[in-house]
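Start at 1 and go down the list; that is how both ligands and their atoms are numbered.
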Amino acid sequence: MKLMAPDYYGRFRCIADRCRHSCCIGWEIDIDPDTREKYRHIPGAFGKRLNEGIEDTPEGAHFHLSQDEHCPMLNKNGLCDLITTIGEQNLCQICADHPRFRNFFSERTEVGLGMCCEAAAALILQSREPVQFVALEEAQEQLTDDEEDLLALRSHLIAILQNRTLPLEQRLEQVLKETQFPLPTLDWHKIYSDLERLDDAWDTVIAQLSGKDLSLPCPISDALQIPLEQFAVYMLWRHMPAALEDGDMQGHAAFCVLSVKVLAALCMENPTLEHCIEAARMYSSEIEYSQENMDALLDALWSE
Ligand code: SF4
């Protein structure tokens with residue numbers, strides 16, 4: 001099986017106790033059945049504490065979060081007691097994977113780093129060179145016609161996005177033109193406000209969308225031309241393969257452009273890299289990790 005990844009993938013490092021938005025706080029952490037079984041046999045006082053911190057339900061096991069939504073393994077120094085006591089190799093699948101994501105083709109797997117992680121968002125948006133995609137494991141692959149079509153279109157759109165002879169505003173419009181999907185003129189502030197919410201602070205952030213017509217080219221400052229290009233390429237790499245499930249290549253490409261325009265709008269008043277990284281982290285957490293929100297945005301795109 002061929003394994004493909006963006007070239008920055010291997011440079012990712014979790015910043016653990018320096019992370020301001022730890023994935024060990026506020027997210028339900030499911031434990032896969034094999035790891036759950038392994039945890040039952042961890043001996044001693046730590047094994048007892050570990051098992052007491054797990055809730056078993058008919059749907060599966062997960063860590064029982066504290067009242068302030070901390071994972072019971074997260075200590076006051078911001079480190080994971082499970083890693084420091086019995087080692088990283090004993091993490092459950094979700095913790096070992098996070099923030100990585102995978103997309104599966106018939107004879108290829110694509111991986112990437114999810115931007116809900118601030119370290120991943122910083123790594124991606126700080127990269128200066130156009131991102132390339134590399135094989136981490138080589139293999140002959142026989143892909144279906146649909147897969148070939150999708151990969152060809154995505155490569156074409158990524159090439160447009162990485163054409164730095166044009167301002168990014170124009171490149172985004174070119175992507176929409178290639179996919180024949182002009183963004184509809186809608187009240188995007190209302191649409192985003194009506195979505196399922198993870199962090200109430202998101203309301204204040206998206207207030208900046210109020211009165212903005214995202215169907216028009218969005219002004220992007222010089223400082224954010226490259227970071228937003230990296231964001232756009234990340235979005236296409238991550239989300240276009242969903243079209244293999246629903247056949248909606250146009251809609252998924254338009255969703256990626258919409259997301260870049262929203263992020264550009266959220267950075268208009270404060271066009272610094274630092275602010276852009278934080279806004280991208282929030283966007284990813286609020287939107288990309290909620291299938292309900294993703295579906296609602298695709299529906300809105302197709303509503304006209
Ligand atoms: S969000 Fe990222 S940097 Fe923060 S603790 Fe999780 S993996 Fe580490």
Side-chain angles (χ1 to χ4, degrees), residues 3 5-32 35 39 50 53-54 61-103 109-127 131 136 196-202 205 227 230-231 233-235 237-239 259 263 266 272-291 293-294:
L3 181 63
D7 53 8
Y8 51 72
Y9 184 78
R11 301 204 301 275
F12 173 73
R13 299 287 177 273
C14 168
I15 54 174
D17 54 327
R18 288 180 290 122
C19 181
R20 291 166 303 162
H21 304 280
S22 170
C23 52
C24 313
I25 303 171
W27 302 81
E28 183 160 301
I29 305 165
D30 292 331
I31 304 169
D32 53 287
T35 307
Y39 287 170
L50 172 63
I54 294 172
H62 56 257
F63 283 109
H64 186 69
L65 300 187
S66 65
Q67 272 197 339
D68 53 0
E69 300 205 310
H70 284 52
C71 171
M73 293 294 108
L74 184 66
N75 67 31
K76 61 180 183 337
N77 298 321
L79 296 172
C80 172
D81 280 339
L82 196 149
I83 294 179
T84 56
T85 310
I86 57 174
E88 205 166 332
Q89 71 280 6
N90 286 306
L91 286 173
C92 62
Q93 197 65 49
I94 280 187
C95 292
D97 273 358
H98 190 82
R100 297 163 187 85
F101 63 82
R102 292 182 176 77
N103 284 319
T109 301
E110 294 185 347
V111 294
L113 302 170
M115 281 213 203
C116 68
C117 162
E118 65 187 60
L123 174 67
I124 298 166
L125 300 188
Q126 281 170 352
S127 299
V131 174
L136 299 183
E196 182 185 63
R197 184 83 68 268
L198 184 70
D199 181 349
D200 290 339
W202 182 235
V205 177
Q230 308 293 26
F231 181 73
V233 171
Y234 157 87
M235 293 300 287
W237 176 256
R238 179 166 192 167
H239 295 291
S259 301
L263 186 57
L266 301 184
T272 60
L273 180 59
E274 193 183 20
H275 178 74
C276 184
I277 290 169
E278 174 54 9
R281 181 200 67 76
M282 280 193 108
Y283 188 90
S284 172
S285 305
E286 295 288 337
I287 308 300
E288 288 187 301
Y289 287 80
S290 164
Q291 194 55 49
N293 288 351
M294 298 276 297

**Protein heavy-atom partner closest to atom 2 (Fe) of ligand 1 - residue, atom, separation in Å** =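 For atom 2 (Fe) of ligand 1, the nearest protein heavy atom comes out as C117 SG, 2.4 Å.
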
**Item:** For atom 8 (Fe) of ligand 1, closest protein heavy-atom neighbour
**Value:**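 Here the closest protein heavy atom is C14 SG, 2.3 Å.
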
**Item:** Check: R238 and M115 side chains under 4.5 Å, non-hydrogen atoms
**Value:**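 Side chain of M115 against side chain of R238, heavy atoms only: no contact under 4.5 Å found.
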
**Asked** Can you find a pair of side-chain heavy atoms, one from H70 and one from S22, that are under 4.5 Å apart?
**Response**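 Result no, sub-4.5 Å side-chain heavy-atom pair not found.
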
**Request:** Could you tell me which atoms of ligand 1, counted from 1 in the order shown, lie closer than 4.0 angstrom to a heavy atom of C23?
**Result:**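 Near C23, the atoms of ligand 1 are 1 (S), 5 (S), 6 (Fe), 7 (S).
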
**Asked** If you look at every heavy atom in I124 and L113, which pair is closest and at what distance?
**Response**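 Scanning both residues, the minimum pair turns out to be CD1-O, 3.7 Å.
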
**Request:** Give the ring-plane orientation class for H239 versus Y234, where under 30° counts as parallel, over 60° as perpendicular and anything between as tilted.
**Result:**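 Rings of H239 and Y234: perpendicular, over 60°.
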
**Asked** Backbone or side chain, does C19 get an N/O/S atom under 2.8 Å to atom 4 (Fe) of ligand 1?
**Response**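 Checking atom 4 (Fe) of ligand 1 against C19, an N, O or S atom does fall under 2.8 Å.
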
